[in-house]
Q: 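Handing you this structure, nothing more for now.
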Amino acid sequence: MKRYAVMLSGGTGTRMGDSVPKQYQRVKGKMLFEYTLQSLCAVAFEAIVIVAAPEWVDAIRQVLPDGKFLFAAPGENRQLSVWNALQVLKTEAQEDDAVLIQDAARPMTKPELIEACLEKLEQEADADGVVPVLPMKDTVYLSRDGKCLTQTLVRSEVVAGQAPEAFRFGFYYRATEKLLPQEILTINGSAEPAMRARGYICTIAGDESNLKITTPLDLERFIHELE
């Protein structure tokens with residue numbers, strides 16, 4: 001099984017309230033995505049596809065380490081960005097190869113977690129994908145209208161998913177393709193196409209330090225971790 005990776009770096013980061021997308025903001029002399037890329041490059045991949053807006057490609061190229069890097073354009077939503085990357089990989093990856101999907105805004109992802117995702121996929125012959133998850137510590141409720149509580153969920157049956165996520169390329173390519181052109185616009189997470197295709201998605205233990213930078217407070221926490 002060969003390994004490929006996709007790093008999603010095409011978001012606009014509107015929740016950060018800044019004109020520069022969060023993944024390109026500088027922290028301790030590096031753009032945020034560089035920390036994420038460093039962890040990816042600590043694991044052996046045949047190639048890494050970077051999804052980025054054209055105006056950022058030159059800046060990214062200037063800081064790339066040795067290795068094979070390909071580029072794809074962002075889509076209208078996250079999963080269309082993933083689809084664009086899969087299109088780039090379709091001439092490279094084979095049916096049972098692994099494709100790992102990672103957010104550029106996860107600078108604290110450890111190489112060990114990346115490796116654990118890939119190893120689980122390689123070891124589980126029946127698995128179509130692997131997702132790191134965290135148990136819920138608080139009481140979990142369902143709110144159908146976002147204003148009042150509808151019901152209490154069974155906490156032991158609810159988990160929080162993280163990236164990176166790993167999938168078998170052929171299965172995941174077809175699962176995503178089936179959602180075109182409209183259903184794909186409703187997808188929120190990378191594992192959702194695989195689940196809709198009734199794939200067998202394994203879980204592994206996530207990492208509480210694997211923070212996704214979404215708000216200014218998240219960025220402050222990351223800066224504090226570096227000090």
Side-chain angles (χ1 to χ4, degrees), residues 4-27 30-41 43 45-65 67-93 98-109 114 117 129 131 161-167 169 172-173 175-177 179-194 210-216 218-219 222:
Y4 297 87
V6 172
M7 187 177 76
L8 300 172
S9 193
T12 58
T14 54
R15 281 177 285 183
M16 288 289 289
D18 198 296
S19 59
V20 177
K22 58 192 175 187
Q23 63 271 29
Y24 302 117
Q25 293 189 26
R26 289 196 172 272
V27 178
K30 293 182 181 179
M31 287 183 283
L32 195 68
F33 82 86
E34 292 183 67
Y35 293 95
T36 307
L37 188 61
Q38 182 176 335
S39 291
L40 283 173
C41 291
V43 178
F45 287 103
E46 297 291 324
I48 297 175
V49 181
I50 301 174
V51 179
E55 60 267 29
W56 289 101
V57 170
D58 285 345
I60 294 171
R61 288 188 187 277
Q62 291 176 17
V63 299
L64 289 180
K68 184 173 182 179
F69 297 94
L70 307 170
F71 285 86
E76 187 176 341
N77 72 346
R78 188 181 195 276
Q79 197 59 32
L80 277 169
S81 291
V82 172
W83 173 245
N84 290 346
L86 296 178
Q87 290 286 92
V88 170
L89 284 175
K90 70 178 180 179
T91 59
E92 303 249 350
V99 56
L100 182 112
I101 314 295
Q102 173 65 316
D103 300 314
R106 285 189 182 268
M108 295 173 66
T109 300
I114 298 171
C117 285
V131 177
Q162 295 185 314
E165 301 141 303
F167 305 96
F169 180 81
Y172 193 64
Y173 184 97
T176 302
E177 186 176 33
L179 301 175
L180 296 169
Q182 291 299 318
E183 195 175 355
I184 197 169
L185 297 175
T186 68
I187 301 299
N188 295 308
S190 297
E192 195 171 347
N210 182 24
L211 177 70
K212 183 179 181 182
I213 308 299
T214 303
T215 68
D218 296 331
L219 187 58
F222 175 55

Q: Before we go on, tell me: are the rings of F222 and Y35 under 6.0 Å apart, centre to centre?
A: yes
Q: Take the angle between the ring planes of F33 and Y24 and call it parallel below 30°, perpendicular above 60°, tilted in between.
A: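 Rings of F33 and Y24: perpendicular, as their planes differ by over 60°.
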Q: Any side-chain heavy atom of P164 within less than 4.5 Å of one from T109?
A: yes
Q: Please determine whether side-chain contact (heavy atoms from CB on, under 4.5 Å) holds for the pair L185 and L80, giving the CA-CA distance in whole Å, both sets of side-chain angles, and the decisive distance to 0.1 Å.
A: CA-CA 8 Å; L185 297 175; L80 277 169; 3.5 Å; yes
Q: Measuring only between side-chain heavy atoms, which start at C-beta, is W56 closer than 4.5 Å to V20?
A: yes
Q: Any salt bridge (Lys or Arg N to Asp or Glu O under 4.0 Å) involving residues 52-61? Give me the pairs, sequence neighbours left out, ordered by first then second residue.
A: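 Found none.
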Q: Run the side-chain contact (heavy atoms from CB on, under 4.5 Å) test against E34 and tell me which residues pass, sequence neighbours left out.
A: R26, K30, M31, V63
Q: Side chains of C41 and I48: closer than 4.5 Å at any heavy-atom pair?
A: yes
Q: Return the set of residues passing side-chain contact (heavy atoms from CB on, under 4.5 Å) with P54 (not counting sequence neighbours), or none when no residue passes.
A: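 None.
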Q: Test your reading of the model: is there a side-chain donor-acceptor pair from N77 to the backbone of I184, 3.5 Å cut-off?
A: yes
Q: Would you please say whether a donor-acceptor pair under 3.5 Å links the side chains of S39 and R106?
A: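 Their side chains do not contain a donor-acceptor pair, so the 3.5 Å distance test is not met.
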Q: State which residues pass side-chain contact (heavy atoms from CB on, under 4.5 Å) with V88; sequence neighbours excluded, sorted by chain then number.
A: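 Once residues adjacent in sequence are excluded, the partners of V88 under the side-chain contact (heavy atoms from CB on, under 4.5 Å) criterion are V49, L70, A72.
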Q: Using the side-chain contact (heavy atoms from CB on, under 4.5 Å) definition, which of the options F167, Y4, F45 pairs with L100?
A: F45
Q: Please confirm whether the backbone N or O of A163 pairs with a side-chain atom of N210, one donor and one acceptor, at under 3.5 Å?
A: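 Flag set: sc N210 to bb A163 pair under 3.5 Å.
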Q: Please list, chain by chain and in numerical order, all residues satisfying ring pair (Phe, Tyr, Trp, His ring centres under 6.0 Å) with F69, sequence neighbours excluded.
A: none
Q: Show, in sequence, the C-alpha distance, side-chain angles and deciding distance for S190 and R78, and conclude whether the side-chain contact (heavy atoms from CB on, under 4.5 Å) test is met.
A: CA-CA 8 Å; S190 297; R78 188 181 195 276; 2.2 Å; yes
Q: T36: what forms a side-chain contact (heavy atoms from CB on, under 4.5 Å) with it, not counting sequence neighbours?
A: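 With neighbours one apart ignored, the set is M7, Q102, P107.
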Q: Under a 3.5 Å distance rule, please check whether T176 uses its side chain to pair with a backbone N or O of W83 as donor and acceptor.
A: no
Q: Tell me, with the steps shown, if E92 and K68 meet salt bridge (charged side-chain N to carboxylate O under 4.0 Å, His left out).
A: CA-CA 12 Å; E92 303 249 350; K68 184 173 182 179; 2.9 Å; yes
Q: Could you tell me if D218 and T215 have a donor-acceptor pair between their side chains, going purely by distance under 3.5 Å?
A: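 The answer is yes; a qualifying pair exists.
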Q: Where the side chain of K22 meets the backbone of I213, is there a donor-acceptor pair that is under 3.5 Å apart?
A: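 Between the backbone of I213 and the side chain of K22 there is a qualifying donor-acceptor contact (under 3.5 Å).
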Q: Within a strict 4.5 Å, meaning less than it, do heavy atoms of the N84 and V51 side chains meet?
A: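 Side-chain contact under 4.5 Å: no.
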Q: Taking the side chain as C-beta and beyond, is there a heavy-atom pair between L89 and Y173 under 4.5 Å?
A: no
Q: Taking C-beta and beyond as the side chain, do I187 and P193 meet within less than 4.5 Å on heavy atoms?
A: yes
Q: Using side-chain heavy atoms (C-beta onward) and a distance below 4.5 Å, is I50 in contact with L64?
A: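 I50 vs L64: side chains touch.
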Q: Enter the distance from D103:CG to Q162:CD here, rounded to the nearest 0.5 Å.
A: 10.5 Å
